[in-house]
Asks: 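My structure is below; once you've seen it, I'll send some questions.
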Number of protein chains: 2
Amino acid sequence: MAELIFTGNELLKGNVLNTNSHWMAKTLTSLGIEVKRMVVIEDNIDIIAETLQESLSREPDFIITSGGLGPTYDDVTLEGVAKALRKPLQVNSDALKMVRDRYTLAEKAGLLKINESEKLMVKMASLPAGASPLANPVGAAPGVMVEHANTTIFSLPGVPAEMKAIFSYSIIPWIKPRLGNAFHAERTLLVTGVAESRLAPIILDAMAKVSGTWMKSCVQGSGKSEICMSTTATSEDEANKRVEDAYNMITGKIREIGGNVKEGHDKT
Amino acid sequence: MAELIFTGNELLKGNVLNTNSHWMAKTLTSLGIEVKRMVVIEDNIDIIAETLQESLSREPDFIITSGGLGPTYDDVTLEGVAKALRKPLQVNSDALKMVRDRYTLAEKAGLLKINESEKLMVKMASLPAGASPLANPVGAAPGVMVEHANTTIFSLPGVPAEMKAIFSYSIIPWIKPRLGNAFHAERTLLVTGVAESRLAPIILDAMAKVSGTWMKSCVQGSGKSEICMSTTATSEDEANKRVEDAYNMITGKIREIGGNVKEGHDKT
């Protein structure tokens, strides 16, 4: 089970659409990890620390933060993490080497002067005591991993390309062998010709009969509905069988009441 | 100050990108209302009630929920709101009339049989005691408004067209006369040729000099940065003057260190 924390005034002001939350939710779900809560908060040390402590009190397996690792004044996520864990920030030599290598490249490109940037590099390499840096192949600020009781906290940058790169190259390979067997399967139906309210008892009935499978109809407007069904099982065969059973059951019942069904999303 | 609560397993599983949060944040900001927190949680009565109580304890002026007002089994937001406020759900006759009018239209379109739908209509018209329905011009489920201490809670559907319609036709006209004078202004710069880390001291300096104005650089990759600046003031002139001052100050300093500046967003 995972909880996600996004920091950034630009998200709270609506300057930026939070595509990171969508990508992370989809990626974690496909790994068989249930996302229970996502929260967007300001770049504020105390609010980050409190939010993280609340999340830790629910004992998720993973907490992933995104945003606030960069060199600017409002990048305060690691200070918030350190405060929540009651640990000091310490310069991590591996992290400092990662940042310095990146800055050397930027200096060669004429974008900055490295001797002016020492303070910023040290800032990005200052991690909560006991944390490890995660290499950032496309940006300066390393990701950060720190364990607390039974929860692993990952802190990632907010820039989507950097978040995805660290997630894909460092987090997924770390998580996968620890997950045990968790296989995810999903299918989506597009229904026309019946109101959403008439689908409700059909979905409820199918959920009762196909255990461990989540189903939901989402209104699309003008008599179109989409039904998503998904499951996580301990074998790939079992996961596929469940969504197959749900698909057949729901499709049959909808056709009985005069609806039309086809597979797939409505891309609108 | 506002807090936003989004419910929906489809958001937590990454089936749906949360564009509602972006639209609401942008709309509230443009009204001069600060969004302090956004949270996405499951369609679960207890979790909704707890999350709402936590939010109420921070005493925001507004809490807006989105999702979970429809006729299906997992539409439980109003039960969660009622539980948080320790009020019973009661059938609201105005709400029932709104829902019935909408169902009569759907029956005429051959989408459902109204005599089969009585239970679903009553469900959508059952509001926490003391709440008022808000007309939904594009869907069946009315929005709901309920006041608690100094906080006004609005509950809206999750379907974007329905959320936006109720927000625009009911919430904005209700909020505006109560806001006092709050004028929002913003500008965005696109900077090339200097690293984000060199922009940090320029932004910090401008924020110290132009009071009440928020500024932030967001890395765009390959030496491009975007700087957003925004403010809320008690007069339109004052709001415009602040972002104008910030714009001129930042633009001048960036050009001094050899950067290029143009106005506007980078649409990538």
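Naming convention: chains lettered A, B, ... in sequence-line order (proteins, then strands); numbering from 1 in each chain.
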Asks: For S30(A), enumerate each residue passing the side chain to side chain contact (heavy atoms under 4.5 Å, CB included) test, keeping only those at least two apart in sequence or located in another chain.
Replies: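 Expected list: none.
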Asks: Looking at Y73(A) and M215(B), what are the two nearest heavy atoms and their distance?
Replies: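 Here Y73(A) and M215(B) meet closest at OH-O, 2.6 Å.
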Asks: How about residues 57-64 of chain A versus chain B: which residues have heavy atoms under 4.5 Å apart?
Replies: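 If one takes a 4.5 Å heavy-atom cut-off, no residue of residues 57-64 of chain A lies near chain B.
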Asks: Name the region of Y103(B), side chain, backbone, both or neither, that has any atom closer than 4.5 Å to a heavy atom of chain A.
Replies: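 Side chain only.
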Asks: Where on L28(B) is there a heavy atom nearer than 4.5 Å to chain A: the side chain, the backbone, both, or neither?
Replies: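 Neither part.
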Asks: Mind checking which of residues 17-26 of chain A sit less than 4.5 Å from chain B, heavy atom to heavy atom?
Replies: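 Expected list: L17(A), N18(A), T19(A), H22(A), A25(A), K26(A).
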Asks: Anything in residues 36-47 of chain A with a heavy-atom distance to chain B below 4.5 Å? Please list those residues in order.
Replies: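 Contacts with chain B: K36(A), R37(A), M38(A), V39(A), V40(A), I41(A), E42(A), I47(A).
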Asks: Going from CD on E186(B) to NZ on K13(A), what distance comes out if it is rounded to the nearest 0.5 angstrom?
Replies: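 That separation rounds to 8.5 Å.
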Asks: So, taking the atom named CG in N9(B) and the one named CD in E34(A), what distance separates them when rounded to the nearest 0.5 Å?
Replies: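 The distance works out to 8.0 Å.
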Asks: Nearest heavy-atom pair of L12(B) and T29(A): which atoms, and what distance?
Replies: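 The answer is O-OG1, 3.9 Å.
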Asks: Against chain B, work out which of T72(A), D75(A), V138(A) has the most heavy-atom pairs shorter than 4.5 Å and name it.
Replies: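 Ranked by heavy-atom pairs under 4.5 Å with chain B, first place is T72(A).
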